*Asks:* 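First, the structure itself, so that you have it in front of you.
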Amino acid sequence: MLNIEKLSLSYGEIEVLHDVSLQVDHKEIVAIVGSNGSGKTTLLKSISGLLPVSSGRISFLDVDITHMRADRLVGMGLCQVPEGRHIFPALSVYANLEMGAYVCSGRKARAEFEKTIQFLFDLFPILEQRKKQKGGTLSGGEQQMLAIARALMAAPKLLMLDEPSMGLAPLIVRDIFKTIKTLNHEGLTVLMVEQDVQASLAISTRGYALQLGRIVLEGSGQELLANEEVKAIYLGKRKNA
Amino acid sequence: MRYLLRNTNLRIALFLAVIPLFLPENLFPVLCLGAIYSIAALGMSLLLGYAGQISLGHAAFIGIGAYTTAILTTQFNWPVLAAFAAAIFVSSVIAYIIGKPILKTKGFFLALATLGFGEIFFVFTSRTDPVIGGLVGIGGIPYFSIAGYEFSSYVQMHYLYWTILLGLVIYSQNMVNSRSGRAFRAISTDELAASTMGIDVAKYKLRIFVLSAAYAGIAGSLLATYLSMTQPYGFRVDLSIFIVLAVIVGGMGSLWGVVAATVVLTWLKDEQLSQYQEYSALIYGIILLLILIFVPQGLGSLGQRSFQWMKDRLGKAYRYRSNRS
């Protein structure tokens with residue numbers, strides 16, 4: 001579904017992504033894990049067209065999207081939940097969701113809209129309770145749910161999540177990941193970037209480990225979790241333990 | 001909601017239609033100028049209040065509208081209506097050309113870039129003597145006329161300007177509540193989020209910039225026919241600031257509030273403070289401070305707030321009485 005070949009990207013003179021290649025297939029959950037500054041967010045932003053790529057090729061559904069603008073990708077079904085959620089704090093929860101459906105227009109979209117919003121309210125009951133409340137008054141976890149729900153309003157084929165666990169309590173992180181898993185069962189393909197290695201790899205079909213802008217490891221979620229090196233680098237366990 | 005908005009428009013229109021019957025003669029210029037400046041302020045309200053982009057060079061677009069009208073009517077003998085259309089066109093095209101590079105900047109940088117544009121316009125108009133009269137400007141611009149009917153008295157101009165303004169307010173209200181209106185609000189809160197919603201941020205920013213410049217062009221063209229002359233000094237940075245001030249005083253999200261604020265400020269500027277021209281920056285600054293401290297939502301919010309206050313008061317009295325019985 002998503003194919004990245006030898007992607008490089010620089011901020012000015014400094015190259016931060018070096019020959020990154022990865023792919024996401026239909027109905028997979030793929031996690032990219034890595035520590036601070038390893039280039040995870042940069043990678044996602046380059047896929048979603050928010051940052052210009054220096055070299056390499058990105059294709060989505062067999063269309064070359066390397067230099068496509070962010071807003072056009074949303075119409076193609078590639079939606080991103082940005083890092084730090086970026087909901088609209090002054091708008092109500094409902095209006096935030098409406099904004100998510102911005103790319104859908106026409107009469108058919110109207111009927112579709114009601115269906116999607118009902119589906120999302122079933123998925124996140126708390127959002128239905130708070131639908132008239134302003135986005136900025138929600139708790140962090142609720143805001144993350146709102147951000148995910150808002151991205152889902154555009155009916156994406158591939159959902160990209162940038163650090164869904166950021167700043168959230170462990171229990172809420174667990175809820176969020178459970179929801180991601182549910183959505184995946186419904187047929188949604190997910191690509192996420194995470195620091196919470198354990199939680200994200202546990203639900204992922206496959207994973208990549210990113211270190212200083214290079215992919216250093218790849219494998220199925222379980223494989224990576226069992227991998228000694230991953231344990232050593234990210235989970236803080238000694239190799240010989 | 002829609003119905004209510006229309007109702008407000010209707011009430012205001014009725015008010016404006018009968019007001020010439022009661023108003024003292026000397027206030028007509030204020031209403032006419034107020035309407036003209038309101039058109040420009042309305043455009044600024046869309047740009048600043050809804051899309052969150054500032055421009056400190058909007059006087060230049062008013063100037064472009066005024067000069068286009070002046071040149072075409074006095075030197076090429078165009079009918080005023082044609083010159084009016086041309087003025088809107090020219091100011092929009094220039095806004096499009098300069099907006100493309102300028103709108104890549106944000107916040108203070110955008111303010112500075114637009115400020116610079118305004119100064120360039122001033123220097124250009126004041127130095128290009130043979131064509132557009134230099135500092136003296138252009139005089140002898142005819143009154144606004146449609147198919148031979150001339151708007152030459154204050155009452156006629158009053159109806160003309162306010163009709164145009166009313167039309168633009170209704171157009172703006174519809175736009176604000178449309179899909180593009182939502183896009184503008186998204187851009188003003190969070191450009192990153194807006195683009196992940198599938199909104200083409202650059203395109204919409206340019207669109208609103210051009211639209212607000214077109215409003216300014218309309219205002220400029222009307223101003224030229226109203227004053228029957230144009231001068232570079234009429235379109236300097238103090239006019240740009242005046243318009244931004246009107247939007248802040250009126251309330252960022254309230255179109256009629258902005259119109260009301262513009263009329264009041266025009267009255268202050270032209271009637272009360274005209275002999276203190278050199279202190280205008282100081283006075284504007286004080287007004288701005290007072291508004292930001294006491295009515296940060298702008299005068300447009302006052303109506304709603306006093307209504308809310310009354311409702312709370314009455315509610316309390318009612319609860320008190322029903323508790324006693």
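Quick note on labels: first sequence line is chain A, next is B, and so on, each numbered from 1. For clarity, every value in this text was computed on a predicted model and none was experimentally measured.
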*Asks:* Less than 4.5 Å to any heavy atom of chain B: does that hold for the side chain of A:Phe88, its backbone, both, or neither?
*Replies:* side chain
*Asks:* Please determine, among A:Asp71, A:Leu50, A:Val74, the option with the most heavy-atom pairs under 4.5 Å with chain B.
*Replies:* A:Asp71
*Asks:* Enumerate by number any residue of residues 124-148 of chain A whose heavy atoms lie under 4.5 Å from heavy atoms of chain B; in the absence of such residues, state 'none'.
*Replies:* none
*Asks:* If you count heavy-atom pairs within less than 4.5 Å of chain B, which of A:Arg85, A:Gln80, A:Arg72, A:Arg150 leads?
*Replies:* A:Arg150
*Asks:* CZ of A:Phe113: more than 12 outside heavy atoms within 6.0 angstrom?
*Replies:* yes
*Asks:* Please indicate whether A:Asp62 has more than 12 foreign heavy atoms, meaning atoms of other residues, nucleotides or ligands, lying under 6.0 Å from its CG.
*Replies:* no
*Asks:* Less than 4.5 Å to any heavy atom of chain B: does that hold for the side chain of A:Ala154, its backbone, both, or neither?
*Replies:* neither
*Asks:* Taking atom NZ of A:Lys181 as the centre, report whether more than 12 heavy atoms of other residues, nucleotides or ligands fall under 6.0 Å from it.
*Replies:* yes
*Asks:* Would you please go through residues 190-199 of chain B and name the residues with a non-hydrogen atom below 4.5 Å from one of chain A, in numerical order?
*Replies:* B:Asp190, B:Leu192, B:Ala193, B:Ala194, B:Ser195, B:Thr196, B:Met197, B:Gly198, B:Ile199
